[in-house]
Amino acid sequence: MESTHTLVLLVEDHPGVLNRVVSLMRRRSFNIDSITVGHSEQVGVSRMTIQLRGNSEDIEQAGKQLYKLLEVVKVIDLQPNEAMIRELVLVKVAAKGAVRAEVVQTASIYGARVLDATPSSVMIEMSGGEEEIESFLTMMRIYGIREMVRSGKVALPRVLSKKTDRQTRQMNPLAAD
Amino acid sequence: MVATDPTTQRAEATQHTGPEVLTGAQITCRAIEAEGVTTVFGYPGGAVIPLYDAIPDSGLHHVLTRFEQWSGMAAIGYARATGKVGCCIATSGPGATNLVTALADAMLDSVPIVAITGQVIEPLIGRDGFQEVDITGITLPVTKHNYIVHNVADIATTIKEAFYLARSGRPGPVLVDIPKNIFVAKTEYIPAKLTPRKSYQPTTIPNMRQVRLAADEIAQAKRPLIMAGHGVILSGAEAEFTELVEKTGIPTIFTLLGLGAMDEMHPLAIGMMGMHGHRRANRALDECDLLINFGARFDDRATGNLSGFAPNARVIHVDIDPAEIGKNVKTAVPVVGDIKEVLKLLTPEVKAGDHSAWRTWIEGQHNRVLRAALEDRPAWPEPYAIIKEIADATGHEAIVTTDVGQHQMWAAQHLGVKHGKRWITSGGLGTMGFGLPSAVGAKMGRPDLEVWTIIGDGGFQMSGTELATAVQENLDINIAIINNGYLGMVRQWQDLFHARNYSEVAISGPDFVKLAEAYGATGIRVRTDAEIRPAIEKARSIKGPVLIDFVVEPEANVYPMVAPGASNSQMIEGRKEEE
Ligand SMILES: Cc1cc2nc3c(=O)[nH]c(=O)nc-3n(C[C@H](O)[C@H](O)[C@H](O)COP(=O)(O)OP(=O)(O)OC[C@H]3O[C@@H](n4cnc5c(N)ncnc54)[C@H](O)[C@@H]3O)c2cc1C
Ligand SMILES: Cc1ncc(C[n+]2csc(CCOP(=O)(O)OP(=O)(O)O)c2C)c(N)n1
Ligand SMILES: [Mg+2]
């Protein structure tokens with residue numbers, strides 16, 4: 001059954017690593033929905049969060065192929081119920097005259113922040129899980145979204161990482177045996 | 001003579017004066033030598049002139065091929081004949097791009113080679129400098145790993161790691177790109193030590209629990225079948241593998257690249273599987289209830305349509321690369337590890353079995369039509385008969401390389417490969433032109449063995465220039481051209497699947513005998529059966545490269561054949577598939 005999976009990759013922080021990961025995913029026909037890269041808590045190690053769709057065999061194969069890249073130290077297939085998966089979105093919403101107060105009020109229901117305003121629009125920052133963000137954007141569309149950017153998903157397991165390794169499915173290449 | 005041995009001299013020099021200051025080019029040579037490599041194949045050019053400046057004073061023997069792709073294929077031939085890492089060198093830009101096909105060939109067939117390419121000077125990188133190409137970008141999908149070196153002090157460690165990656169775990173090609181200014185920069189040379197990487201730890205020793213599960217499956221199977229792949233040979237486990245087969249008495253089939261995993265004339269060796277495999281091997285796949293795969297990646301040419309592959313079998317898959325397990329075929333018992341290590345643990349766990357009824361059934365699947373067909377033999381020498389005569393004359397002991405096409409399949413079917421590392425053919429990429437340069441590499445690596453290459457008239461016209469290399473190095477290589485005047489394998493597909501529309505497959509060629517002579521080699525032409533053996537014997541007795549132009553029936557087809565997309569059980573059987 002196809003579903004969305006969140007893979008977390010710990011990779012050596014070398015030039016070209018992102019290129020290697022993306023090129024591999026393309027070449028092996030895996031569908032990436034979102035990818036983010038940034039520093040991790042360890043010096044010299046970057047953390048990538050990749051969301052992709054596929055059945056469990058596809059995802060397992062993706063993990064094993066990723067492990068073959070020299071710079072990939074660890075791949076974890078995060079289970080949604082064990083992790084916080086969040087995204088940041090910035091939207092510029094049409095907000096003239098009387099509507100303005102309504103837009104700001106709606107945003108505050110979602111805990112979103114107004115960052116900037118012009119006579120005709122406001123810029124709002126919102127972060128949250130997939131559903132929350134979708135719901136927020138549905139509301140904003142009513143007023144008219146002028147411009148939008150989404151950061152892509154980032155994720156952390158809820159429990160301490162040692163324990164997490166055991167709980168979530170670490171895609172260890174040795175898992176086969 | 002110890003006194004003139006460059007390594008000893010250098011060691012002494014180092015003792016007296018501390019680390020030497022060397023150029024990047026000199027360090028490159030030292031680092032390659034430190035890996036035990038004595039032969040490199042290459043072609044010079046602007047970006048590597050500094051490297052070529054250092055080669056004559058190094059301990060490296062450089063073989064000048066006539067095209068960089070053939071440097072790569074020679075390195076592959078060297079690696080596959082010796083089990084060591086092959087090494088090739090090319091200049092930036094066109095030299096580097098000419099290596100791409102060889103890297104892809106090595107990638108698909110898991111061959112350990114290291115390619116060193118020159119790059120434009122660093123200030124020009126990214127500015128479309130003369131002969132600049134992004135070779136690390138271009139070769140990303142066709143290398144196990146690649147590097148660009150930005151500091152002369154990193155050359156030795158990079159080359160050390162490159163060779164280690166090439167040969168360890170699942171072997172493969174590694175490329176090291178070195179800008180020209182780094183070749184000329186100087187630093188103290190300190191021989192590199194390998195620093196282990198947390199992210200690269202191939203599993204060689206298998207999980208004992210999995211080994212026991214495999215042994216249990218083997219004990220329970222009624223009609224077990226062993227499938228031997230290239231991994232057995234890459235692991236150097238031919239002897240241990242044969243021991244397992246003999247202990248269990250299980251019939252064994254081979255992939256194209258697995259030929260040589262054990263003696264093909266062994267009573268338990270059934271033959272090759274797949275698209276042009278032996279009938280009885282494919283029939284055995286249909287009937288087996290357990291398939292034990294040692295080091296084959298279930299390529300589609302080997303398996304045919306997966307829905308009809310080994311339909312009654314549970315599968316045990318032994319491979320060093322975890323990603324191969326379950327990639328194409330559902331596996332009941334995966335065993336991840338180096339085959340040699342797996343066999344050390346597995347063989348003691350298995351029991352001797354009696355599979356005589358099953359073996360008799362398999363033997364009964366042998367197609368013996370040919371015997372009768374021999375009577376109405378045409379005037380032409382039969383391709384398979386040429387292969388058999390070569391095998392017979394050399395006692396199955398020679399290294400045989402092939403090109404790609406019908407002749408390759410006839411060779412695979414009829415040679416009877418006795419040892420690992422003596423059957424060298426391009427399997428995964430199927431690269432035409434592979435035959436002659438890989439024979440050059442094989443002969444450089446194993447001068448003690450007789451070397452033959454079996455080539456089509458089409459393929460020879462791709463890499464025939466390597467005759468010059470063979471003559472320049474005075475190599476004893478015997479070249480058998482199976483000359484059918486066609487791009488025969490393509491013509492066969494057009495014959496069978498495209499209503500004999502022979503589009504662009506008739507291929508003319510030069511007078512190969514005269515061509516050989518023009519290169520300073522010996523040429524012999526064979527037009528009749530009676531001439532086959534004498535020509536082979538003559539070639540074996542003459543020093544230096546000898547080319548035999550075997551003029552054969554133009555429209556002979558290779559049978560059996562599994563049509564693309566069909567199951568292995570649906571073999572198209574010709575009149576003369578097997579003898
Ligand atoms: C014209 C043409 C026709 C062909 N027809 C056929 C055919 O009829 N039948 C056929 O079989 N092939 C055929 N081929 C070849 C086919 O395309 C594949 O190249 C071949 O089947 C691959 O064989 P393999 O899996 O044994 O080797 P490889 O592709 O080299 O795979 C080796 C496997 O062994 C593993 N391995 C490596 N080292 C070790 C180790 N130390 N321990 C454990 N595992 C290890 C690797 O991870 C890999 O999975 C044909 C090719 C051409 C060009
Ligand atoms: C570089 C390359 N180009 C094209 C092909 C496709 N191809 C496979 S076999 C073949 C015909 C080979 O003809 P020849 O060398 O005469 O051998 P024959 O099949 O006649 O024995 C061709 C064109 C290939 N494998 N490699
Ligand atoms: Mg031909």
Side-chain angles (χ1 to χ4, degrees), chain A residues 7-30 37 40-48 52 54-77 161 165 169-177, chain B residues 107 134 136-148 150 158 161-162 164-166 168-170 172 174 177 196-214 316-331 333-337 342 345:
Chain A
L7 295 188
V8 169
L9 271 67
L10 296 180
V11 301
E12 288 176 14
D13 182 13
H14 291 169
V17 176
L18 179 61
N19 186 16
R20 283 180 199 275
V21 168
V22 173
S23 154
L24 181 140
M25 301 299 264
R26 180 193 56 77
R27 163 166 110 239
R28 300 252 173 209
S29 315
F30 298 115
V37 198
S40 72
E41 75 285 359
Q42 300 168 59
V43 182
V45 177
S46 305
R47 185 176 177 114
M48 293 188 190
L52 72 170
N55 60 34
S56 53
E57 281 97 56
D58 295 338
I59 304 300
E60 186 173 334
Q61 180 63 210
K64 285 168 163 185
Q65 291 296 344
L66 286 165
Y67 260 118
K68 298 208 310 186
L69 297 177
L70 192 68
E71 290 94 345
V72 173
V73 183
K74 197 184 221 173
V75 185
I76 301 165
D77 181 9
S161 74
D165 284 356
R169 196 158 64 98
Q170 185 192 338
M171 305 190 75
N172 191 314
L174 310 189
D177 24 336
Chain B
M107 186 72 180
D134 170 19
T136 45
I138 289 173
T139 59
L140 206 64
V142 294
T143 50
K144 181 170 170 180
H145 191 67
N146 63 25
Y147 303 86
I148 178 160
H150 286 298
T158 306
E161 189 173 77
Y164 169 66
L165 288 178
S168 60
R170 177 178 185 166
V174 179
D177 196 30
R197 287 220 194 190
K198 207 176 150 198
S199 58
Y200 182 77
Q201 285 158 352
T203 311
T204 53
I205 315 281
N207 183 322
M208 194 59 205
R209 199 184 71 220
Q210 295 302 109
V211 171
R212 287 205 192 93
L213 283 176
I316 300 174
H317 190 171
V318 183
D319 205 292
I320 199 159
D321 179 357
E324 284 306 328
I325 293 183
K327 187 183 80 179
N328 295 334
V329 169
K330 202 164 168 285
T331 301
V333 182
V335 184
V336 176
V342 172
L345 298 173

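In this text the structure is predicted, and so the values were computed from the model without any measurement.
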* Asked: Does some side-chain heavy atom of B:I325 sit less than 4.5 Å from a side-chain heavy atom of A:K64?
  -> yes

* Asked: Is chain A contacted by the side chain of B:L213, its backbone, both, or neither, given a heavy-atom distance below 4.5 Å?
  -> neither

* Structure fact -> Greatest number of non-hydrogen atom pairs under 4.5 angstrom with chain A, of B:P202, B:G326, B:S199, B:P141, falls to B:S199

* Between A:K68, A:H14, A:Q65, which has the largest tally of heavy atom pairs under 4.5 Å with chain B? -> A:K68

* Interface moiety of B:D319 toward chain A, non-hydrogen atoms closer than 4.5 Å -> neither

* Asked: Any side-chain heavy atom of B:P206 sitting closer than 4.5 Å to one from B:L345?
  -> yes

* To do: Establish, from distance only, whether the side-chain atoms of A:Q61 and A:E57 form a donor-acceptor pair under 3.5 Å.
  => no

* Which atoms of A:R20 approach chain B - backbone, side chain, both or neither, heavy atom under 4.5 Å -> both

* Got B:V329 and B:H317 here, is their nearest side-chain heavy-atom distance under 4.5 Å? -> no

* Asked: Would you say the side-chain atoms of B:D177 and B:T136 include a donor-acceptor pair closer than 3.5 Å?
  -> no

* Structure fact -> Ranked by heavy-atom pairs below 4.5 Å to chain A, first place among B:K327, B:K198, B:R197 goes to B:R197

